[in-house]
Each structure stands twice: as C-alpha cells, then as structure tokens.
Amino acid sequence: MTFLSRAFFLTWSGFGPKNAAPDTGDQFSPSKPTRRKRTVGVFYGTFSALHPEKRPKQICFHVRHEMPGGASGRRETPDTVSTDGMANLDQKSPNVLLQSLCCRITGKSEAEVAHQFQYAVRVIGSNYAPTIERDEFLVSEKIKKELLRQRREADAALFSELHRKLQTQAVLKHRWSVLYLLLSLSEDPRKPSSRVGNYGTLFAQALPRDAHSTPFYCTRPQSLALSYGDRGAGLSGSVGTSGISSLGVYTLNGPTPPPPPLLAGQPSQSAAAVSQMLGSRLAWALPTSSSPSAVLAPPTTRPPLGPQVPTIRPVRPRRDGDAAGEVNEAALVRDILYVFQGIDGKFIKMSAQDNGYKIDSKVVLCKSLRDTSSRLSELGWLHNKVRKYTDARTLDRAFGLVGQSFCASLHQELKEYYRLLSVLHSQLQVEDEQGVSMCTESSLTLRRLLVWMYDPKVRLKTLAALVDYCQGRKGGELASAVHAYGKTGDPQMRALVQHILSLVSHPILNFLYRWIYDGELEDTYHEFFVASDPNVKTDRLWHDKYSLRKSMIPSFITMDQARKVLLIGKSINFLHQVCHDRTPPGKITPASKPADTPKDAAELLSDLEGAFQEKIDAAYFDTSKYLLDVLNRNYLLLEHLQAMRRYLLLGQGDFIRHLMDLLKPELARPATTLYQHNLTGILETAVRATNAQFDNAEILKRLDVRLLEVSPGDTGWDVFSLDYHVDGPIATVFTRECMGHYLRVFNFLWRAKRMEYTLTDIWKGHMCNAKLLKTMPELSGVLHQCHILASEMVHFIHQMQYYITFEVLECSWDELWNKVQQAQDLDHIIAAHDVFLDTIISRCLLDNNSRSLLNQLRAIFDQIIEFQNAQDSLYRSALEELTLRLQFEEKKRQREEEGEWGVTAEQEAEEKRRIQEFQDTIPKMRSQLRILTHFYQSIVQQFLVLLMTSTDESLRFLSFRLDFNEHYRGARSQGQRAEAAGVAGCHQRAPSVKHLT
C-alpha cells in the first residue's frame, strides 16, 4: 500500500499481531481500544499543529487488514476521532468518509468536490510513490524547519513533542507515510516550482558520497506510462518494471511540480482558479473540469515550461518513433537510460557475441546518433562488469572481510551512479508530462547525456579496471592492488581510489590494532599478514607459531612495519603463554584510538609515516622493553648467557684446569668403564674448589655431565662433555639447535685443551728426565730429537689456542655482548646469539666448508698423542736402563769396599750384553721419532696450505703465525727437491735397464 493509502487507511498489521483475531481476521481486539485511539489522537494533533487553519472537528479513519490467503478483510465500522474527545465512532462507509475529508480540506460542499473525490479515489488505488529515501527523521526535520521558517516556534515544539509520543507507540509501522502526507499537504500550491529548471545545475555537480551501498528501488506509478500510446492502458492496468528507470516523477528533493490539467483545451486560467482554493496539494493538483469523464481523457496538448506567453502554441510530444522507420532521439534517450542500468532497451540490446551493446541493424539511424549511442552504451557494459563482480562476490564468505568491504565500496559507487540515473529518469518523466520538445534548453538529449555522463564514465572505467586487477585476490593482497591504482596524477581518480582503499583497509587495520594491543588474531579467512599455526607447541611459540604472509602485506605497509607488528603481538602472547605473566596488555602499552570507521582508516592512510608509524613504534618499544625486563629480571637471561661462556666455552680457566686434573685418572680409562654419577661428583668437587662456587645457585644446578655415544676403542677423553640444562622462556634463546652447537664447540675446545694439557706433561717429563739421562750419552740424539718435535707441537698448539681463545671466542663474545646490551627486542638477542654461534663454529673449523681443515687438525692432535706415547715409552726404557746401570755400579762399589773384585767376568759380560741390547733399540727409537716427525710435519704442511687458500682472512693470518720463520715451507721445498731428484735418477737408469733386458 502506498503512502497515501497508508495515511488514510491504518493497516491492521500496524496494530501488531496481538490485536488480530486468529480465527476470522476481521474483528478488533476489545482489550486494546485505548491504544488505537491514542495513536489516532497523536496523528490528529500532528495534523493540527501543521494546519491550524484547517483543523477539522472530526476525522475518520477506516481500518482494514489482510485476510488469510490474500483476501482483504474490511471492518465496516471505522475509528472516528472527534475534536472534543475522539471517542465517537461514525457508522459511515469509506466513500462517504473520503468525500467528507475532501469537503473539509477544500472547504466546499459535496457537490463541488466531485472531481476532487474521483481524483482522490484514483490516487489511493494507485502505486503512486515518491522516490525520496524513506527516512522518518529527515521528514520530521523538514516539518520542523518549515514551521520555524514560518516563525511558528510553539507549533514546532508541539510537533516535536507529538512526534516523540508517536514514536513511543509501536502500533504504527508506517509513521513515515503519515508524516510525509502532512508535509505534502502543508506545501503552498501558489508557490511556483523551479525544480525542472534546476536540473542542469544538479547534473553539473559531482556525484555525492553516501554511506549506503545499494540503490533504492521503487515501482513506476501506474498513472505514468513510458509513452503516450501506453498512457491510456496505464490507467486501468498495472505497468510494472524494475530497476532505477522505474523511479517515479518525484525527485530527490521532494515531489515534482503539479501536473497541468488533464483535459484537452483546458484554459490557462484554470491554474489561477485552482490556486485560489484553500487546501493542500490535493486541492490544487486536481482537475477543475465538471465532466467526470474528462479525468480519464488522455492529454493532447501541454502548456510550455517557464512563464506563460500571450500566444499559446501546441508543443509536439515526445514519441518513440516508428519501428519500421527512423527512430527519433527521444526514443534513443529512453533506451540509453535503460542501457545505463544494464537492461536491454527497445532498440539497443546486449550482444553476447560482441560482448557489448549493439543497436538493432533494422533500425534506421543517422551516423551521428548511432555513434553517440554506441559511446553512451559503454556505461552499460562497464556497469554490468562491476555489478557482475559484486553480485558474485557479495555472497562468497570465503572472500573475507576485506573482500566484502571492497564489494561494499563498489556498491556505494554504484549507488551514486543509480542516484544520477534516477534524476535523469525523473527529468525524462517530467518532460513527458510537460510535453517538452527536444529543442528546448532543458530537454534531455544524447549530446547532453554525453556531457553529463563523462565523469560517471571515468569512475566506472576505474572501477572496472580495479575489478579486473583484483580478480583472484583477497585480504592484504587485494588492498595492495587497490593501493597500486591510487598512484596516478588524476586528482579525481586518486580521490576515488583513496576512498575505496579506506573502506578496504578498514578490516586490515582492525586486525592490526586487535593484534598489537590485545595479542588476539581473529583471521577466519586468512586475510591478515600475520599467520598463526595452532599445531605448534608452547616451547616453539616464538620461533614457529607466528609468521608473516608476505603476499598479504599491503603495499602501504613496509616490511619493517610488518615485522614490528608481528613482534608486538608475538611478544604479548609469549608473555602470557610462556612467561606466565598476567599483566594486562593495556598496562604494557596504552591503547590508542582504533580505526573504528573508514574515515579513521583514511586519516591513518594519509599519514603512514607519521601517526601510523608512531603508533606502531610506541607499541613496539613498550612491549619489547617489558618482555626483555621480564626475561632478565625473572629468568636471568643474561646470567645464563654468561654461564654458557664460562663453562661450555671454557672461559672459567681455574675451574677447567682443576676439573682436568681431577678427571685425568678417570678419563684415561676405557669409555665403557665410566659412570656418570662418579663424574658428576668430580664436577661438584671442582666447583667447590674454584671460583665457580660463587655463581648463582640457579646457574650451578643446571650444570651437568654428559657422556657421548661410545665407539670401540674410545677412552674417557673422547666421550666426556659438560651439559647445561635449559627450559622455560630461556629455551627460546638457547634452543636445541643452539645447544647442539655448544656441544660441538665444547668437544673441539675440550680436545684442544687436552692437547695443551698433554704437551705440558711432555715438557715437564722432558725437563725432569733431562738431567737424569745425562749419564747416558747414547740417548742425547734421541732426546734432542724429542725436544725439537715437542717444541714444534707446543708452538703449534699455543698459536691455535691463542687464535681460538682471543681471535674467535673473545672477539665474538664482545660483539655478542654489545648487541645484547643494545637489543630492542627478543629477536635481536636471538639473531645476535645465532650469529655468535655461527661465527665460532665457522672459525673453529666446525662447519661444512672447513671439514678438510678439521680433519687435518684432528690428525695433528692424533700425532701429539702418539708422540706422548712414544716419549713415555722412551723415557720408561731409558729410566729402566739407567736404574739397572746404577744398581750394577752400586753393587760394584759395595764389593770393592768389601775388598772383593767388583765384578766377575761373567757379570761384566752380562752387563755389556744388556747395554748392547739397549743401545741396539736406540736406532729403532730414533727411526720411530723420525717417522713421527715426518708425518707430523707433512700434516702440518697440508694444514698450512689449506689455511693459505681459505677465504677467511683470520685463517690466512693464522698460517703466517704457525710458520713465521718459513720452517715448514723450507722442509716442503727440500722434500720436493729430493722427490724430483729421485724421479730424475729413475729416468737416467731406465735406458741401461732396458739395454740389459
């Protein structure tokens, strides 16, 4: 039911289901009479406030409702509102009530309002509807402004109070219709309207922006057909259409000017006669002819627009033209308006083969009109392209919030496009009613359409290009695609893209603020650039649970900003889940104003390097600083890092030396005979006997002994290792991979330390036994050879220890400590620690690129152990021989003191035989030492060659220190010359051998 029928007939549905009888549907509920009377009273009071001069004594309202099954039930007894008490019910029919209302409004008798009565009946039975937005608030504000303009402040206050009371009553569903009726009735019919003349100004304006995203659809009034040929049928039948072209003759700002008289040949003075009538729009809009049949007669002539001139000449009405002949421009304009909406017209239709709108080949058109129509038809194709995308994506939930925002922005632009089309169609309808020809200044022509639709065409082209570019994209990738189109020199296109980007980026900014201030990630459709893996356990939260989707990072957010955003939310979740810190996120960093609306998002996007960057930096610094404070204060992160340096990297010298002294007897045994609890007891003894006892108890309880996997022939030195237990938040920095690296470095350093410890024992044995063995001159050469080889090994190990301790460990540790002190977040500490481990592993020859160097170094270590065994064997044999000789001399001296012969011939022969046997073993010892020396020097030479060819500058400098006097280079040259001489001698002997053969 339209606004007029709703205004005169309060529908039964408006009183709510509680007032309806479920059985018959045609009886009022006797329990709610006061409610209806109160509502009708409010309506009457509102009418009286607007029209004090037209306040009737009695207004009757007939109430009807729909019967089940679609039949219309009608109560014959209407509700009657009296000015005295509005309590009496008038037993009259609807026709009598309507005629009575017309009499009271116009102030005439029943005989004089016959034509008005017939017109009212026709209007009530039609679908005549305004095209303005059905907003009750806007209509009420217009009424107040009208009252204030008339300086009726008291009536405005009374109306406001009555409207407030009307809003509290829930029995009326269509209050807007009632208020709009009152507003229409209050307009002065004598005031000339200039809306038609202002269309050009309205079209010249740019498309306004509106918060809505979908157009408002209405049906075309039955009394307004598309052509004059159909107008007669429109009075008796329903001409239903859909789309924007079906909007009525009411413009966006209100109803159109009153239509002219419908009778042919009506004198121009009739308007003046009607304007003298007292009443509202209903009175001056009705025909004044006394013939009832004249109401239904089709018009033959129209008065011209603008001021009347003395001579009245008929104006040719707009016609669609003959389909068999040439089509005029008016028909093309009507078709073009349909095409603008994607609807096939009578002459212009969509061609699926050509993918565009084509004019029917049978239609006769001049080239200019055909070309202009083709150019205008492009808007319909662009409209279809955008509309097809929005229709396909709007219901796709997997498209996500960002995609739906993009569709909403497209709907919003289409809404403005539809509003322009509705204005164009309204003007076309007005021109049909007024009979405006195509030659007048305000008429709607193809050329004017081409000018007016230039800006909309540019906007639709931009939207269609965006739709093409955004195909298959979602989330942050979609926002990047939209942002890329904003980099243009056209200010209008840039403003359009920026507006769309503000809507598209709004969900992303909401994701971002929720993440950085609460640590919550609600990304159902995987649109945000922060990804979460729910299968990751808590101990790997920092490393594996959260990551960046690089494809979803919007192009207006830099990689540094994205990394900070990731760290902020990750830090909040790490504090809550791993550190078990219950501090609310709001106390860690104060939450700033979020992007509640697209306008806020647009403001942030306009200042990405200012306000947006400040928000990210503030949250980043506050959250990261708080996390590092918790790790250092509650979990002693820096103390654990120093403990790794002191114990696993052998930085606590006194502890390591004392531990090796205590472990030497145990580790010299086979590895299979070791027990971990015995070694743990020795470790605790070393801790209590050195400065390690002053460390924090939390550090010392994590220090432990670990035995590696045993291989056949291994001793305790090969399987022993120190271990450091880590758990909780510190395990995030000291991961399993890091502890594996520490174990490898410890084994390398432990073996190098053992070499130093072994050479120290060799040197001590040499110093102690040198004086004892002076009495055995046959050993001087062997001992000298041992001393020279030991000196070479000591020099080599000392240079290696200096390189490892100072150039590798100390320098790397100093860099690590400086980076840790300057770290702004936990990732900086983890990265610096990883670099530290990678550096010492690389420079300690433990990486894959230095495998050959490490093998050579291990071979050198093996030669040192062999040399220790050979020297121990030499000293043992020499000391045994020295002991026997001393015993022989002692016995000889004792016998001489007793006056006997010192030795017998047999004893002397036995002594000489034993000495000769010992002297015979000396060349074997000398040969063994020579072979050992040769192998050692050859391995060292190969090691030096590998160092010289290394890409690491520090390793090349190490080769210079190991061979500072070019000793190994000279030995290598002598060996090469000897080898070359041997090869040359073979070549010289070869001919003689061949001759003998």
Side-chain angles (χ1 to χ4, degrees), residues 657 660-661 664-665 667-668 715 717 751-802 856-887 914-944 961-975 978:
R657 180 68 187 186
M660 296 187 88
D661 291 337
K664 182 179 179 181
L667 299 183
T715 63
W717 292 102
R751 182 169 293 183
K753 198 71 175 178
R754 180 195 174 190
M755 296 301 105
E756 182 183 7
Y757 188 79
T758 299
L759 289 174
T760 301
D761 289 344
I762 291 175
W763 179 83
K764 289 191 325 185
H766 183 77
M767 291 296 103
C768 295
N769 296 323
K771 294 182 180 180
L772 295 176
L773 298 178
K774 283 184 178 181
T775 57
M776 302 177 66
E778 66 272 16
L779 292 178
S780 60
V782 177
L783 294 179
H784 178 68
Q785 191 175 357
C786 287
H787 180 70
I788 292 176
L789 182 57
S791 297
E792 290 184 18
M793 291 181 176
V794 168
H795 170 72
F796 182 87
I797 294 301
H798 281 179
Q799 293 300 322
M800 287 298 301
Q801 284 284 45
Y802 171 83
Q856 295 295 325
L857 187 60
R858 287 177 176 175
I860 293 173
F861 290 165
D862 293 339
Q863 293 299 315
I864 293 175
I865 298 300
E866 286 191 24
F867 174 67
Q868 182 190 24
N869 295 332
Q871 180 172 287
D872 289 344
S873 177
L874 173 63
Y875 283 151
R876 188 166 49 251
S877 300
L879 290 177
E880 288 178 358
E881 180 63 24
L882 179 62
T883 302
L884 292 176
R885 291 185 182 186
L886 291 177
Q887 290 177 357
R914 185 180 54 77
I915 292 174
Q916 186 62 37
E917 290 179 355
F918 175 74
Q919 291 177 352
D920 291 341
T921 59
I922 292 177
K924 185 178 180 180
M925 295 179 184
R926 187 181 291 111
S927 176
Q928 183 180 2
L929 286 175
R930 189 180 295 112
I931 293 173
L932 187 62
T933 302
H934 175 73
F935 280 151
Y936 172 76
Q937 290 182 351
S938 64
I939 295 173
V940 171
Q941 289 171 6
Q942 295 177 10
F943 183 73
L944 291 175
R961 289 197 302 271
L962 291 176
D963 192 19
F964 67 96
N965 58 356
E966 298 184 353
H967 167 74
Y968 295 102
R969 180 177 298 180
R972 184 168 61 251
S973 300
Q974 293 178 2

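The basis for the numbers below is simple: all heavy atoms, side chains too, and nothing from hydrogens, waters or symmetry mates.
- Two residues are said to be in side-chain contact when any heavy atoms from C-beta on lie closer than 4.5 Å; Leu667 and Met660 fail this criterion.
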(request) Could you check Arg914 against Arg885 for side-chain contact (heavy atoms from CB on, under 4.5 Å), going step by step and ending with a plain yes or no? (result) CA-CA 10 Å; Arg914 185 180 54 77; Arg885 291 185 182 186; 4.2 Å; yes

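- Considering every non-hydrogen atom in both Gln941 and Tyr968, the closest pair reads NE2-O, 3.4 Å.
- Side-chain contact between Gln937 and His967 is present, with heavy atoms from C-beta onward closer than 4.5 Å.
- Put simply, the side chain of Leu783 reaches to within 4.5 Å of the side chain of Leu874, judged on heavy atoms.
- Rounding to the nearest 0.5 Å gives a distance of 12.0 Å between CD1 of Ile939 and CG of Leu944.
- Annotation for Gln868: atom CD counts as buried by contact number, over 12 foreign heavy atoms lying within 6.0 Å.
- When side chains are defined from C-beta on, Ile860 does not count as touching Met755, because their heavy atoms never get closer than 4.5 Å.
- To the nearest 0.5 Å, the span separating CG on Leu929 from CD on Glu866 amounts to 11.5 Å.
- When all heavy atoms are compared, the tightest approach of Ala790 to Phe867 is CB-CE2, 3.7 Å.
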(request) Kindly indicate, with the supporting measurements, whether the criterion side-chain contact (heavy atoms from CB on, under 4.5 Å) is fulfilled by Tyr757 and Asp661. (result) CA-CA 9 Å; Tyr757 188 79; Asp661 291 337; 2.7 Å; yes

(request) Report the C-alpha distance between Glu756 and Lys753 in whole Å, list the side-chain angles of each, state the deciding distance to 0.1 Å, and finish with yes or no for salt bridge (Lys or Arg N to Asp or Glu O under 4.0 Å). (result) CA-CA 5 Å; Glu756 182 183 7; Lys753 198 71 175 178; 3.6 Å; yes

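- Distance check: Glu778 CD to Thr921 OG1 gives 9.0 Å after rounding to the nearest 0.5 Å.
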(message) Is there a side-chain contact (heavy atoms from CB on, under 4.5 Å) between Leu962 and Val940? Walk through the geometry before answering.
(response) CA-CA 9 Å; Leu962 291 176; Val940 171; 6.0 Å; no

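- Taking the side chain as every heavy atom from C-beta outward, Met925 and Gln785 never approach each other to under 4.5 Å.
- A donor-acceptor pair is defined here as one N or O able to donate and one able to accept, closer than 3.5 Å; no such pair exists between the side chain of Ser873 and the backbone of Asn869.
- Between atom CG of residue Leu773 and atom OG1 of residue Thr775 there is a gap of 7.0 Å, rounded to the nearest 0.5 Å.
- Classification of the Tyr936-Phe796 ring pair by plane angle, with boundaries at 30° and 60°, yields perpendicular.
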(request) Step by step, work out the salt bridge (Lys or Arg N to Asp or Glu O under 4.0 Å) result for Glu880 and Arg876. (result) CA-CA 6 Å; Glu880 288 178 358; Arg876 188 166 49 251; 5.2 Å; no

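- The side-chain heavy atoms of His787 and Gln871, taken from C-beta on, include no pair separated by under 4.5 Å.
- Taking the side chain as every heavy atom from C-beta outward, Phe964 and Gln799 never approach each other to under 4.5 Å.
- Atom CZ of Phe935 sits in a sparse spot, with 12 or fewer heavy atoms from other residues, nucleotides or ligands closer than 6.0 Å.
- Ala870 and Leu932 get closest at one heavy-atom pair: CB-CD2, 4.5 Å.
- Within the 4.5 Å cutoff, no side-chain heavy atoms of Thr758 are placed close to those of Phe861.
- Atoms NZ and CD1, on Lys764 and Ile762 in that order, are 12.0 Å from each other to the nearest 0.5 Å.
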(request) Test Arg926 against Arg930 for side-chain contact (heavy atoms from CB on, under 4.5 Å), laying out the working first. (result) CA-CA 6 Å; Arg926 187 181 291 111; Arg930 189 180 295 112; 3.4 Å; yes

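- A distance of 13.5 Å separates CE of Met793 from NE2 of His798, quoted to the nearest 0.5 Å.
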